[in-house]
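To find a chain, count down the sequence lines: A is the first, B the second, and so on, and within it residues start at 1.
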Amino acid sequence: MRAGLVLFPGTNRERDMALALQRATGRKPAMLWHRDTELPAGTDLVVLPGGFSYGDYLRCGAMAAQSPIMRAVRDFAARGGHVLGVCNGFQMLTEAGLLPGALLRNASLRFLSMDCHMRVERADTPFTHRFRPGQVFRSTMAHGDGNYFADAATLDRLEGEGLVALRYATPEGAVTEAANRNGSARNIAGILSPNLRVLGLMPHPENQVDPLIDGTDGLPLFESVAETFAETA
Amino acid sequence: MKVLVTVMPKAGVLDPQGKAIGHALEGLGFAGVGEVRAGKVIELELAETDAAKAKQAAEEMARKLLANTVIESFRVEIA
């Protein structure tokens with residue numbers, strides 16, 4: 001699998017993301033710059049990693065969404081390309097209009113840096129097929145603006161079309177208010193595009209890919225996408 | 001020409017910042033403060049000299065970048 005990781009000024013999770021991709025695919029991802037106007041030929045997956053692009057000026061992800069490379073990422077997605085956005089990358093995907101809704105300030109107004117658990121709502125997508133349906137896995141959240149918002153009609157459409165990929169849950173898999181630390185609508189932690197090829201999520205599965213460092217709960221996500229492109233590995 | 005773009009959270013969108021400001025005002029002893037909403041004002045200095053055209057341009061800027069119309073509404077005024 002050929003993955004490309006996009007760096008913006010203020011991106012800070014690209015190295016962890018690169019290690020996670022390398023661990024799952026055996027291949028180092030290409031590092032792409034926000035000023036690039038095209039993706040390398042043969043790119044299978046574009047990843048927008050976490051961080052604080054452009055210092056979160058105006059709105060988280062708003063500036064990054066207007067950068068030159070995002071035009072190429074939009075075209076790539078329109079052609080059926082696979083895109084993964086984590087944390088600030090999820091915010092960029094909503095700001096760029098590649099995923100619906102928006103990420104508001106956490107309901108508590110606090111920056112949340114802590115473990116969380118997510119329940120896999122769709123285990124039949126390019127990003128999640130190595131999980132079991134309903135599987136709960138541990139991850140880490142580290143964000144100030146992760147409170148997923150969309151109007152009721154959009155939320156109903158996401159639910160109706162099965163585009164909610166991940167929900168905040170207790171370790172036992174109960175979708176409760178207490179497990180929803182940032183206040184997201186309907187406990188939504190991650191959503192998919194209608195063709196299931198664009199995934200945005202707030203927590204950091206790339207934190208849990210090494211048995212020596214906090215376990216491998218997040219690894220199935222990267223193995224899923226690696227397997228999706230196994231033939232081009 | 002100076003143009004002011006006021007960006008506010010839409011009605012129905014939770015505004016925890018506004019709520020926190022309201023609580024702080026209450027803590028300071030200000031009575032009778034109802035709902036507080038916090039937004040932002042963006043000042044633009046435009047080369048355009050025609051007010052209607054300047055307003056139109058600023059509205060397009062607001063739609064494309066200054067406001068996220070999923071969660072925010074905006075108002076454009078010539079200063």
Might you confirm whether atom [atom1] of [X] has over 12 heavy atoms from other residues, nucleotides or ligands at distances under 6.0 Å?
| X | atom1 | value |
| --- | --- | --- |
| B/E77 | CD | yes |
| B/K53 | NZ | no |
| A/Y57 | OH | no |
| A/R110 | CZ | no |
| A/R186 | CZ | yes |
| B/E45 | CD | yes |

Q.
Is B/K10 in contact with chain A via its backbone, its side chain, both, or neither, using a 4.5 Å heavy-atom distance?
A. neither
Q) Where does B/V7 contact chain A at under 4.5 Å (heavy atoms): side chain, backbone, both or neither? A) neither
Q: Answer with side chain, backbone, both or neither: which region of A/L58 has an atom nearer than 4.5 Å to a non-hydrogen atom of chain B?
A: both
Q | Toward chain B, the part of A/N106 with a non-hydrogen atom under 4.5 Å | A | backbone
Q: For A/A107 and B/P16, work out which heavy atoms get closest and say how close.
A: O-CB, 3.7 Å
Q: Heavy atoms only: give me the nearest A/L109-B/A20 pair and the separation to one decimal.
A: CD1-CB, 3.3 Å
Q. Checking side chain to side chain contact (heavy atoms under 4.5 Å, CB included) against A/L104, which of B/V13, B/V70, B/D15, B/N68 comes through?
A. B/V13
Q: Supply the atom-to-atom distance B/I71 CD1 to A/T94 OG1, rounded to the nearest 0.5 angstrom.
A: 8.0 Å
Q: Working to the nearest 0.5 Å, report the span between CZ of A/R59 and CG of B/L66.
A: 8.0 Å
